[in-house]
Amino acid sequence: MSLHRVYHRFSCSPLYSLALVSHKLSPFSLPLHPPALLKLPLRPPSRPMRFHSVSASSRLPKLAPLASFSEKVVGDSNGSSASEIEDTEGNGYRLPPKEIRDIVDAPPLPVLSFSPQRDKILFLKRRSLPPLSDLAKPEEKLAGIRIDGKCNARSRMSFYTGIGIHCLMDDGTLGPEKEVHGFPDGSKINFVSWSRDGHHLSFSIRGDEDDESSSKMKLWVADVETGNARPLFQSPDIYLNAIFDNFVWVDDSTLLVCTIPATRGAPPKKPLVPSGPKIQSNEEQSVIQVRTFQDLLKDEYDADLFDYYCTSQLVLVSLDGKMKPIGRPAVYTSMDPSPDRKYLMITSIHRPYSFIVPCGRFPKKVDLWTCDGKFVRELCDLPLAEDIPIAFNSVRKGKRSINWRADKPSTLYWAETQDGGDAKVEVSPRDIIYTEPAEIVNGEQPEVLLVLDLRYGGISWCDDSLALVYESWYKTRRTKTWVIAPGNKEITPRILFDRSSEDVYSDPGSPMMRRTDNGTYVIAKIKKEDEGTYLLLNGSGATPEGNVPFLDLFDINTGNKERIWESDKEKYYETVVALMSDNGEGELPIDQLKVLTSKESKTENTQYYIQSWPDKKAVQITNFPHPYPQLAALQKEMIKYQRKDGVQLTATLYLPPGYDPSKDGPLPCLVWSYPGEFKSKEAAGQVRGSPNEFAGIGPTSALLWLARGFAILSGPTIPIIGEGDEEANDRYVEQLVASAEAAVEEVIRRGVADSNKIAVGGHSYGAFMTANLLAHAPHLFCCGIARSGAYNRTLTPFGFQNEDRTLWEATSTYVEMSPFMSANKIKKPILLIHGEEDNNSGTLTMQSDRFFNALKGHGALCRLVILPFESHGYSARESIMHVLWETDRWLQQYCVNNLEKSISLDPTNDEAPKETKDAALSAGGGGPNRGLEQDGSHLTPRSLL
């Protein structure tokens, strides 16, 4: 994910998102990045990918007085309700001012899905923010996942409310919408999937969750031509088990389905009296280091409950409703038909389970079956993997990443580590890639495809003459792309690209993929007049002036490039989304090229076009309305400035519509960001993103405060650099403060920010950043907003974020980075917000609880808001509205109305308090000091002041 958007990862749910896919779509359940089309996979596996769609009286609007923030939720138009409370100490849910509320409540746009033949488009309808009652439903937290026992699926799933089908006409425009019909009103639709021939849709339906039977998921199919939908199973008592995989098209008329076993009874009951104590032992003295995973199994009862909900019976069912159970009930996690649909690769997990790692590390068995369910052979049975080292690029021992070759009928390939899975072990080679046919006839051994000195990262297949193999290494940021000829051992593999993954300016782009007749995706070969072998490289086109996406015609043999398409640079930001002329076999003539592109500007919403060669005529196929017309005239500028050590920094500056600094003067300013780690100053200083991208505003985005007259400095780069053998975090505080100082100096220099009224905020690792800045740079900010952060790194002793040293290996770094240890230095107002059910690794809710107590114990001006039922990202409308109310109140009281005299950024200024001088000199002044977290029921938020 680009650094300039990383800070949006949890803080900005889009009001809408688009997902262009050819296959199965799953609903989104967590906030995503700002509105953008989710592209087709650049390196897709042989089976369908799944996409989680998972929100002025003068020239400026006047700021509402503080009294306006006591608006209460008594039963608004969206059906939410809570107690009527007047004071800020109360326990009721609140609504933010109308100008913010109107943006958040804007109706979401549909998700888009193209048919395999690219001749039809689905518009998948969505609702707005879910009510808190959806999150309040009971859920089981087992082995790192959360389960809704009523529908036997992951809890907190969003859903679609309807499906519209549009034909793509010959002239590129959309035909009239045909509504899929036949299912009950109010149905919740999930997992929409096209059949390979594009004639049918499959999807799940669930209904009223108060009804035990209708709340479970049933499999439905719809005829694309008529729009008529019907249940697939003839029996009404067959339900989906959708906790892991759910269903997949085996051929054009048959699906393989995970169902709840018909013999399953009631869930196991928790014993009133335990059979014995809970015991974990390490008498073998194994070295096992794990990060702070949450929702793990706690005892044997949990293990039994996990088996109960996760065990499936696989069933083959045809479009006429005929069904055949295959295999025994087991905890199946994936089902992958071979491209020729003759074999099934079936993955399951089994006991012994673990109480210290999630289910992804449980023993895993991969078997090969025929497509009618007959066992062929076992591919692997991997043991429990509690001992994967915490160092980045460490992996599981044994076969991993087992997949079907996309260009072959039924050929398997996989990688095996040669370093025992431990990235700290120096060995060559580090990974070996193997391949073999599905069915072994004469006892043939797997064939070595390629040996790698870095960590294997995937393969893009084309044919026997061409495939691209990727390897990379995080510590050095090195990434390499190999060209191989899979069918010709006489041709020596060669390196195509060898570069730094941080160097976005040198990124050549990724090969565009075309769909095969088997429904897989392979590299598209392009035919020109000569005899060369050409690919299409689709790149983001990072430059010092911002991203200028491109499409290059690339000669794989000579390395020569011809730019055949490039985004507009002046006003618009355009991208190539997918290849539309991808049907059929062989090379694609360049004059028959057809691509889907997106186009947007600072103030114009993203629209989609089909562009055809040779004349490159573009036909617009969507006309989405502006999601928040009240901010259509907002001002956006990508700005550049320098840190004291010479590192180039960038940020996106947003200003309210109609604002003129020469007439209106400086504004209150909100700085919202998220730090990132780099290995070089040059890479850290590169520009990421485009000044012409549309400003996507999610339900908890900082950009909402444009409607309240704020200047927003969005995503100022906060690079934490560790060059050579230096660890970036050893100078974390110093570099953090220096980056923040440079950002603040720049907005003040431009005259758009009042130096007395600059607030800072962030989510997750951005919250960690916020607390550290208030502790070590009190001269910069008047207040802070920290959402879902971790503040005491000793509570994550086996690594966090991109730190893979343990607490005992880097004690001083862990302590000095922890704002909890500097709670006594925080004198500026800080608002802490956290979901009560946060399941993100590292950001336990108690992090905010304990940090608040530490702050309160030193008399700090602070407030803690705990959101019932919410996880790491917030999703319920009541919760989001209350978060916005709390944030707006905080900004009004401690930023807009701040009367504290600004303090010079120069720590030698005699007017600066001693603690400010000391903090600035030691942290930001180059002194010697060294410096997302990783992968009970309350009805109202708990606010403490």
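Sequential numbering from 1 along the given sequence is applied to the chain's residues.
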Do you see a donor-acceptor pair shorter than 3.5 Å between the side chains of E283 and S281?
-> yes
Looking just at side-chain N and O atoms, do S354 and E386 make a donor-acceptor pair shorter than 3.5 Å?
-> yes
Output, in order, the C-alpha distance, side-chain angles, deciding distance and verdict of side chain to side chain donor-acceptor pair (under 3.5 Å) for R291 and S841.
-> CA-CA 7 Å; R291 295 213 173 189; S841 177; over 6 Å; no
Begin from the C-alpha positions of D422 and K424 and carry the test salt bridge (charged side-chain N to carboxylate O under 4.0 Å, His left out) through to its verdict.
-> CA-CA 5 Å; D422 189 348; K424 291 185 177 180; over 6 Å; no
Report yes if some heavy atom in the side chain of I356 is under 4.5 Å from a heavy atom in the side chain of I288; otherwise report no.
-> yes
Sub-4.5 Å side-chain heavy-atom contact between I346 and Y332 | yes
Does the side chain of Q294 come under 3.5 Å of the side chain of N839 through a donor N or O and an acceptor N or O?
-> no
Verify salt bridge (charged side-chain N to carboxylate O under 4.0 Å, His left out) between K342 and D372, making sure each step is shown before the conclusion.
-> CA-CA 8 Å; K342 290 183 179 180; D372 59 358; over 6 Å; no
Do K365 and I349 come close enough that some side-chain heavy atom pair is under 4.5 Å?
-> no
Nearest heavy-atom pair of P429 and D453: which atoms, and what distance?
-> CA-OD1, 3.4 Å
Checking side chain to side chain contact (heavy atoms under 4.5 Å, CB included) for the pair L449/I484: CA distance, chi angles, key distance, verdict?
-> CA-CA 9 Å; L449 187 67; I484 64 171; 3.9 Å; yes
Are the side chains of L466 and L535 in touch, meaning some heavy atoms are under 4.5 Å apart?
-> yes
Ionic contact status for D463 with K408, cut-off 4.0 Å = no
Given F798 and W808, is the ring pair (Phe, Tyr, Trp, His ring centres under 6.0 Å) satisfied, shown in steps?
-> CA-CA 9 Å; F798 291 108; W808 299 273; 5.4 Å; yes
L305 and L142: CA distance, side-chain angles, deciding distance, side chain to side chain contact (heavy atoms under 4.5 Å, CB included) verdict = CA-CA 8 Å; L305 209 56; L142 302 168; 4.1 Å; yes
With the side chain counted from C-beta on, respond yes when R793 and T813 share a heavy-atom pair under 4.5 Å apart, and no when they do not.
-> no
Report yes or no: does S506 contribute a side-chain atom to a donor-acceptor pair with the main-chain N or O of D503 at less than 3.5 Å?
-> yes
Is the shortest heavy-atom distance from the side chain of T479 to the side chain of S500 under 4.5 Å?
-> no
Taking Q847 for the side chain and Y791 for the main chain, is one N or O donor matched with an acceptor at less than 3.5 Å?
-> yes
For K475 and E727, what are the C-alpha separation, side-chain angles and deciding distance, and is it a salt bridge (charged side-chain N to carboxylate O under 4.0 Å, His left out)?
-> CA-CA 10 Å; K475 276 292 185 183; E727 295 288 347; 3.3 Å; yes
Do T520 and N518 meet the criterion of a side-chain donor-acceptor pair at a distance under 3.5 Å?
-> no
Test side chain to side chain donor-acceptor pair (under 3.5 Å) applied to Y765 and T843, step by step | CA-CA 9 Å; Y765 207 51; T843 54; over 6 Å; no
Do D838 and T845 meet the criterion of a side-chain donor-acceptor pair at a distance under 3.5 Å?
-> no
R264 side chain to N152 side chain, donor-acceptor N/O pair below 3.5 angstrom | yes
Any side-chain donor near an acceptor of the partner, D245 and S334, under 3.5 Å = no
R477 side chain to S501 backbone, donor-acceptor under 3.5 Å | no
At their closest point, which heavy atom of Y470 faces which heavy atom of S460, and how far apart are they?
-> OH-OG, 3.0 Å
Worked check of salt bridge (charged side-chain N to carboxylate O under 4.0 Å, His left out) between R146 and D295 | CA-CA 8 Å; R146 294 182 173 181; D295 297 341; 2.6 Å; yes
Exactly one candidate in F355, Y301, Y353 meets ring-ring contact (aromatic ring centres under 6.0 Å, His included) with F306; the answer is Y353
Does the side chain of S155 come under 3.5 Å of the side chain of D148 through a donor N or O and an acceptor N or O?
-> no
Within the side chain of T292, is there an N or O that forms a donor-acceptor pair under 3.5 Å with the backbone of G842?
-> yes
Ring centres under 6.0 angstrom apart (W404, Y413) | no
F800 ring center near Y814 ring center (under 6.0 Å) | yes
So, for L412 and R377, which heavy atoms are closest and what is the spacing to 0.1 Å?
-> CD1-NH2, 4.0 Å
Any side-chain heavy atom of K364 sitting closer than 4.5 Å to one from D381?
-> no
Parallel, tilted or perpendicular for Y474 and F392, by the 30°/60° rule?
-> tilted
Over all heavy atoms of both residues, which pair between L454 and K480 is shortest? Give the atoms and the distance, please.
-> CD1-CE, 3.9 Å
Do the non-hydrogen side-chain atoms of F362 and H350 ever get within less than 4.5 Å of each other?
-> no
